[in-house]
Amino acid sequence: MHDLRAIRANPAAFDAAMARRGLGAVSPDILALDAERRAVLTELQGLQERARAISKQVAEFRRTGLPTESLILNAAQIAQNIPALEQRASQKEDEVQRLLAGLPNVLDPDVPDGTDESANLVLAQHGEPRDLGFAPRQHFELGEALGMMDFAAAAKMSGSRFVVLRGALARLERALGQFMLDLHTREHGYTEMAVPTLVNDAAAYGTDKLPKFGDTMFRTTDGRWLIPTAEVPLTFSVANEVLAARALPLRLTALTECYRSEAGAAGRDTRGMLRQHQFRKVELVSITAPEASAEEHERMTRCAEAVLRALGLTFRRVLLCAGDTGFGAAKTLDLEVWLPGQQAWREISSCSNTRDFQARRMGARMRGTDGKALSFVHTLNGSGVAVGRALIAVMESHQQADGSILIPPVLRPYMGGAERIAAA
RNA sequence: GGAUGAGUGGCCGAGCGGCUUAAGGCAGCGGUCUUGAAAACCGCCAAAGGUUCAAAGCCUUUCGUGGGUUCGAAUCCCACCUCAUCCGCCA
């Protein structure tokens with residue numbers, strides 16, 4: 001959500017910001033609507049003031065025993081016009097809000113221009129794609145050969161884009177989630193949360209999934225949403241709160257199921273479990289003071305990278321360009337992991353600073369250190385990391401010529417000490 | 001699913017048609033005192049919006065949400081939402 005006053009103060013700057021998102025000049029529409037809104041409000045408030053003054057006089061006259069009939073008649077006349085004006089005022093208010101709610105966040109200055117992922121900037125790389133000494137297989141080839149990854153069984157009960165894991169592979173997925181949570185809570189100062197995965201409209205709106213992206217989520221028959229990411233419940237936990245400056249930053253993490261309709265992804269990544277309707281993810285969310293969010297963004301990304309390092313994966317850090325940066329983000333850093341089987345870099349984490357964009361939508365504020373000034377907090381979210389994709393990466397990266405998979409040492413305590421996953 | 005009760009500023013909480021401009025307390029901020037801190041005492045402290053180049057000032061709105069009654073609603077009426085408790089069912 002955007003600050004209407006800021007747009008009014010500098011419409012050209014706002015239009016320039018939206019132009020980076022590929023949008024035309026929107027400020028003229030906003031300002032025209034806002035002018036109407038204010039005109040109606042001014043008129044309405046004038047009437048309200050007169051009506052209130054007369055009501056006070058009625059009370060006064062009653063006390064002193066003066067006749068009130070003409071006053072009441074007068075007030076009734078004024079009050080007659082108020083409901084219609086109120087309706088127009090709230091209608092204009094809604095129109096402005098609806099217009100603003102559909103506009104993406106202003107990008108950080110250091111986000112590169114560009115319309116698609118080809119303009120993304122690779123900032124750093126950890127490790128090198130290396131030759132395994134044999135033809136690497138893709139994760140689903142490995143998993144199916146092991147008898148532990150079953151897409152047919154999933155299709156039978158749920159359809160495409162689901163998977164059934166068995167035995168050691170099911171355990172490996174659990175191990176990955178536990179390891180990530182332990183790492184972030186023990187080493188990185190995050191607080192583990194257990195949160196609902198069904199949320200209401202307000203939560204989806206506050207985290208900028210609505211009104212634009214309803215078709216990417218699953219909706220329940222009673223009008224709730226299956227969360228597409230734990231970012232939604234974690235971030236919305238501070239909605240409508242006023243936080244003390246000293247309580248910040250808030251660092252929250254949760255391991256949840258995530259649900260995505262994948263509408264518009266028809267035909268993409270249909271093989272394997274890269275793109276599923278349901279997957280697990282460890283999410284990182286930070287709530288910070290405005291001046292601290294840029295540094296927190298960097299820190300959060302390093303926390304996600306620590307997971308990939310510990311798992312012995314090859315990855316790179318990518319700064320998304322204007323056209324590839326999500327609706328609510330001011331700046332996004334993706335982590336892409338190297339998948340030897342696919343011979344491709346694939347996104348495994350996405351860390352975004354939304355600045356005050358979500359905070360405005362959900363009314364999340366903080367009290368400054370002077371004890372007076374209220375300001376919107378900044379919210380950040382990042383995957384730390386996607387568990388399903390981490391499973392794929394571990395399988396493909398640590399596969400052996402015989403089709404077995406070497407378990408990274410950090411996961412072995414979670415695997416009953418086992419060092420290798422091999423066919424039974 | 002049924003019954004009962006409750007939703008008031010950052011938090012607690014009084015108020016139940018017009019001297020409410022929402023009491024009082026806590027927290028917060030500033031000060032006095034102190035070597036410093038604590039305590040005590042004094043003072044300041046809701047938000048959003050309109051008017052304005054801006055500030056001050058003035059004005060409006062907000063007591064869960066939406067309607068209604070009234071000249072006037074935190075207060076009365078209706079619907080809904082949420083929470084709590086009990087019953088039923090249940091992992």
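Letters A, B, ... mirror the listed sequences (proteins, then strands); counts begin at 1.
- Closest approach to the A/Gln45 side chain among B/rG50, B/rG10, B/rU61 is made by B/rG50 (side chain taken as heavy atoms from C-beta onward).
- Comparing the same atom, P, in B/rA73 and in B/rU62 gives a spacing of 9 Å after rounding to whole Å.
- For the pair A/Asp94 CG and B/rU65 P, the computed distance is 16 Å after rounding to whole Å.
- Among the nucleotides B/rG10, B/rC71, B/rG28, the one closest to any side-chain atom of A/Ser55 is B/rC71.
- Protein atom CE of A/Met1 is 16 Å distant from nucleotide atom P of B/rA48, rounded to whole Å.
- With the nearest nucleotide of RNA chain B identified for both A/Ala79 and A/Arg37, A/Arg37 has the one nearer the 5' end.
- A donor-acceptor contact closer than 3.5 angstrom is absent between the side chains of A/Asn200 and A/Trp225.
- Rounded to an integer number of Å, the gap from CG of A/Leu243 to C1' of B/rC11 is 13 Å.
- A close approach under 4.0 Å does occur between a side-chain nitrogen or oxygen of A/Arg52 and OP1 or OP2 of B/rU61.
- Figure legend. B/rU35 is base-paired to no nucleotide; pairs are counted as Watson-Crick or G-U wobble with both atom distances under 3.5 Å.
- The side chain to side chain donor-acceptor pair (under 3.5 Å) pairs that include a residue from residues 175-185 of chain A are A/Asp182-A/Tyr414, A/His184-A/His188, where partners are two or more places apart or lie in different chains.
- Computed from coordinates, the A/Glu43 CD to B/rU51 P distance equals 13 Å when rounded to whole Å.
- Distance, A/Arg367 CZ to B/rA27 C1': 10 Å, rounded to whole Å.
- Look at A/Arg360 and you won't find any side-chain N or O under 4.0 angstrom from OP1 or OP2 of B/rA48.
- No hydrogens or angles considered: nothing links the side chains of A/Gln91 and A/Gln87 as a donor-acceptor pair under 3.5 Å.
- Using a 3.5 Å distance cut-off with no hydrogens or angles, the side chains of A/Ser286 and A/Glu296 do pair a donor with an acceptor.
- Taking atom C1' on both nucleotides, B/rU32 is separated from B/rC81 by 50 Å, rounded to a whole Å.
- One can place CZ of A/Phe61 at 17 Å from P of B/rG72, the figure rounded to the nearest angstrom.
- Among the protein residues, A/Ile54 comes within range of no part of the nucleic acid, since none of its heavy atoms lies under 4.0 Å from any strand.
- The NZ atom of A/Lys56 sits 7 Å away from the P atom of B/rC19 (whole-angstrom rounding).
- The base-pairing partner of B/rC83, taking Watson-Crick or G-U wobble contacts with both distances under 3.5 Å, is B/rG5.
- Within the nucleic acid shown, A/Ala59 comes within 4.0 Å of at least one base atom, counting heavy atoms only.
- The existence of a salt bridge linking A/Glu336 and A/Arg346 is excluded, since no basic side-chain nitrogen approaches an acidic carboxylate oxygen closer than 4.0 Å.
- Of the two residues near RNA chain B, A/Glu49 and A/Asp34, the one whose nearest nucleotide lies more 5' is A/Asp34.
- Between the base of B/rG10 and the side chain of A/Glu241 there is no donor-acceptor pair shorter than 3.5 Å.
- Considering only side-chain atoms of A/Arg246, the nucleotide from B/rG28, B/rU61, B/rG50 that sits closest is B/rG28.
- None of A/Arg268, A/Arg275, A/Arg161 except one satisfies the salt bridge (charged side-chain N to carboxylate O under 4.0 Å, His left out) rule with A/Glu262; the exception is A/Arg275.
- Residues A/Thr207 and A/Gln358 have side chains that never bring a donor and an acceptor to within less than 3.5 angstrom of each other.
- Between B/rU51 and A/Arg38, a contact under 4.0 Å exists linking OP1 or OP2 to a side-chain N or O.
- Separating the CD1 atom of A/Ile82 from the P atom of B/rU70 is a distance of 14 Å, rounded to the nearest angstrom.
- Contact annotation: A/Arg5 side-chain N/O to B/rG50 OP1/OP2 distance is under 4.0 Å.
- Applying the 3.5 Å distance criterion, the base of B/rG18 shares a donor-acceptor pair with the side chain of A/Arg62.
- The nucleotide B/rU60 finds its pairing partner in B/rA48, both defining distances of the Watson-Crick or G-U wobble pair being shorter than 3.5 Å.
- For the P atoms, the distance linking B/rC26 with B/rC41 amounts to 9 Å, nearest Å.
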